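Take a look at the structure set out below.
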Amino acid sequence: MSEQVQKESMFSTKNIKLLTDPIGKNNPITVQVLGICSALAVTAKLEPAIVMSISVMFVLGAGNVIISLLRNTIPQRIRIIVQLVIIAALVIIVDQILKAYAYQVSKQLSVFVGLIITNCIIMGRFEAFSMVNKPWPSFMDGIGNGLGYGMILVIVAFFRELFGSGTILGWEVFKTIGLYDIGYVNNGLMILPPMALIVVGVIIWVQRSKNPDLIKD
Amino acid sequence: MNTNSNSYIFIYASVMVIIVAAVLSTTAVLLKDKQLQNVKNEKMQAILASANIECTPENSETTYNKYIVEEWLINQKGEIVDMYKNGSFEKGTLRAFNLNLKTELYNKSKGESFLSPLFVCNVDGKTYYIIPLLGKGLWGPVWGNIALQSDFNTIKGVVFDHKGETPGLGAEIIFPAFTNPFVGKTIFDDQGNFTSLKVVKGGVAKLASNQQIHGVDAISGGTITSMGVNSMLLDCLENYVPYIKSLKK
């Protein structure tokens with residue numbers, strides 16, 4: 001198996017495409033419309049969104065490699081169970097690490113770390129990609145999808161925190177540039193989940209208008 | 001090998017589950033101390049915050065040891081049964097900090113004997129008595145700490161926290177808009193009768209003028225959480241009445 005990997009360069013065009021595709025025209029959130037629930041829930045502030053993105057990236061990357069290594073041994077009839085057990089185990093590890101080293105963030109994320117288990121992106125990648133591909137491409141695919149997911153989360157959280165609370169990572173931007181003095185008021189609606197959906201919608205709109213391939217009739 | 005035979009599936013599943021269990025328990029055991037320390041730091045921070053002492057999770061332990069001079073446990077008759085002072089026990093063997101308030105309140109609800117914790121805080125020569133609170137909100141537990149002035153009557157400060165109250169409604173109990181009005185209120189009336197603190201739906205202005213000193217405004221749209229805070233205050237503060245009355249005799 002490793003010989004075959006060496007034959008094909010580790011960063012061949014094909015492998016790089018696995019990494020970059022989900023960031024752009026095959027984005028899990030804006031194109032495949034998966035993982036929307038957590039994108040709405042954890043994006044009111046930038047910090048939890050970043051931690052959530054890293055957590056999902058870890059679970060996807062590691063999970064894809066594990067599934068790929070096991071792919072020839074996994075019995076077809078219980079493959080979904082095997083995938084779920086591996087996701088669940090990785091998510092619990094992430095949750096435990098956050099509780100130990102990023103306690104405040106883990107409290108903000110609360111149940112949503114646990115709910116990574118139900119994130120369709122992960123099951124989707126396991127089932128569609130790593131069950132039939134070698135570990136290295138699977139790893140690239142996992143990290144790529146994690147990045148694509150995380151990128152959207154960070155963009156949404158950036159706008160929601162900026163316009164909802166006037167801060168970026170807790171740093172008071174609008175106060176510093178004196179916007180409040182001329183009568184600006186934070187938009188409380190940005191903090192509520194519906195605005196996350198609208199921001200995601202705007203991102204989808206921008207992406208499709210720039211990339212006509214994505215528009216199906 | 002036939003990966004679809006029943007025996008293969010059984011063996012595969014069993015081995016997988018055992019490996020996963022081993023990995024997870026190792027992780028849990030390795031990180032346990034660190035996690036418990038985080039919970040402890042947060043508890044110390046909340047106790048200090050009720051007496052308006054700011055600290056970070058990192059320095060909470062040193063700040064706690066500096067300002068919290070005594071920890072007491074009080075029984076139903078109002079006697080101090082355990083006293084922990086300057087790192088050693090003057091009386092008894094249980095620290096108020098390590099007491100599980102939930103168990104004690106459960107014992108109370110069943111009519112059994114229970115203990116009530118109290119923290120004595122000393123800031124710049126002034127003494128405050130901090131009482132931990134625990135109760136029920138709308139979706140889950142609410143808790144907090146309330147600091148009394150040395151007269152055991154006037155409120156110095158209060159902090160609340162919750163597990164999962166509705167953001168924007170019940171969850172507002174943690175913000176100063178709700179907690180600041182508690183400062184300066186009293187839990188005993190002029191005759192020395194225990195009144196507790198009332199969280200009043202529709203606002204304190206609805207109360208009789210001599211009752212307003214015992215009440216604060218409830219949160220609009222957060223009635224059930226507000227009422228939860230109201231019963232939590234009554235349920236927790238009344239346990240100290242025998243002790244406070246014994247002081248006044």
Side-chain angles (χ1 to χ4, degrees), chain A residues 40-42 44-45 48 58 62-63 66-67 69-112 114 117 131 160 164-165 188-196, chain B residues 1-46 55-58 60 139-141 143 161-169 171-172 174-175 177 221:
Chain A
L40 305 188
V42 301
K45 289 257 152 56
F58 168 78
I66 296 171
I67 291 287
L69 288 170
L70 297 175
R71 69 186 187 281
N72 294 326
T73 69
I74 297 172
Q76 274 299 309
R77 278 190 281 167
I78 60 162
R79 68 180 195 284
I80 302 281
I81 299 173
V82 174
Q83 291 164 7
L84 265 180
V85 169
I86 287 166
I87 300 171
L90 288 168
V91 168
I92 294 169
I93 292 173
V94 169
D95 193 34
Q96 295 287 320
I97 292 175
L98 287 180
K99 275 192 185 136
Y101 294 101
Y103 188 64
Q104 287 308 320
V105 181
S106 87
K107 274 184 67 186
Q108 281 175 38
L109 290 172
S110 64
V111 295
F112 291 101
I117 296 171
M131 281 298 280
R160 288 183 73 193
S165 317
L189 190 60
M190 288 301 282
I191 308 208
L192 301 175
M195 280 312 285
Chain B
M1 198 188 333
N2 177 13
T3 58
N4 278 319
S5 73
N6 285 345
S7 52
Y8 180 84
I9 291 176
F10 273 115
I11 294 167
Y12 194 91
S14 316
V15 171
M16 177 182 72
V17 169
I18 291 166
I19 293 174
V20 167
V23 171
L24 290 185
S25 15
T26 318
T27 321
V29 169
L30 286 178
L31 297 172
K32 201 177 176 193
D33 290 343
K34 186 91 184 141
Q35 291 169 352
L36 288 179
Q37 186 63 39
N38 285 333
V39 175
K40 203 172 143 192
N41 286 348
E42 194 187 30
K43 193 174 170 186
M44 289 179 169
Q45 237 182 326
C55 65
T56 64
E58 289 74 34
S60 59
W139 302 114
W143 61 93
D161 206 349
H162 62 91
K163 174 100 182 176
E165 297 307 299
T166 322
L169 303 173
E172 298 288 304
I174 63 169
F175 295 110

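Just so you know, these numbers come straight off a predicted model, no measurement behind them. Only this structure's heavy atoms are used, side chains among them; waters, hydrogens and symmetry mates stay out. First the proteins, then the strands, lettered A, B, ... as listed; each starts at 1.
Of the residues considered (Lys163(B), Lys34(B), Lys32(B)), Lys34(B) shows the highest number of contacts with chain A, using heavy-atom pairs under 4.5 Å. Annotation: maximal heavy-atom pairing with chain A below 4.5 Å, among Asn41(B), Leu31(B), Val20(B), occurs at Leu31(B). Put simply, of Lys107(A), Gln76(A), Arg77(A), Lys99(A), the one with the most heavy-atom pairs under 4.5 Å next to chain B is Arg77(A).
For Val39(B), the parts sitting under 4.5 Å from any heavy atom of chain A are the backbone and the side chain alike. In this structure, the portions of Ile74(A) lying under 4.5 Å from any heavy atom of chain B include both its backbone and its side chain. For a residue to count as touching a neighbouring chain, one of its non-hydrogen atoms must lie under 4.5 Å from one of that chain's; by this rule Leu192(A) does not touch chain B. The contact between Leu70(A) and chain B is made by backbone and side chain atoms together, counting heavy-atom distances below 4.5 Å. With a 4.5 angstrom heavy-atom cutoff, Glu42(B) touches chain A only via side-chain atoms.
A 4.5 Å side-chain heavy-atom check between Ile93(A) and Val23(B) finds at least one atom pair inside the cut-off. At least one side-chain heavy atom of Tyr8(B) sits under 4.5 Å from a side-chain heavy atom of Thr73(A). Using a 4.5 Å cut-off on side-chain heavy atoms (C-beta onward), Tyr12(B) and Val82(A) make contact.
Remark: Asn38(B) CG to Leu98(A) CG distance equals 11.0 Å, nearest 0.5 Å. Once rounded to the nearest 0.5 Å, the distance linking CD of Gln35(B) with CG of Asp95(A) reads 8.5 Å. Rounded to the nearest 0.5 Å, atoms CG (Leu90(A)) and CG (Leu24(B)) are 9.0 Å apart. With rounding to the nearest 0.5 Å, the separation of CE in Met16(B) from CD1 in Ile81(A) is 7.5 Å.
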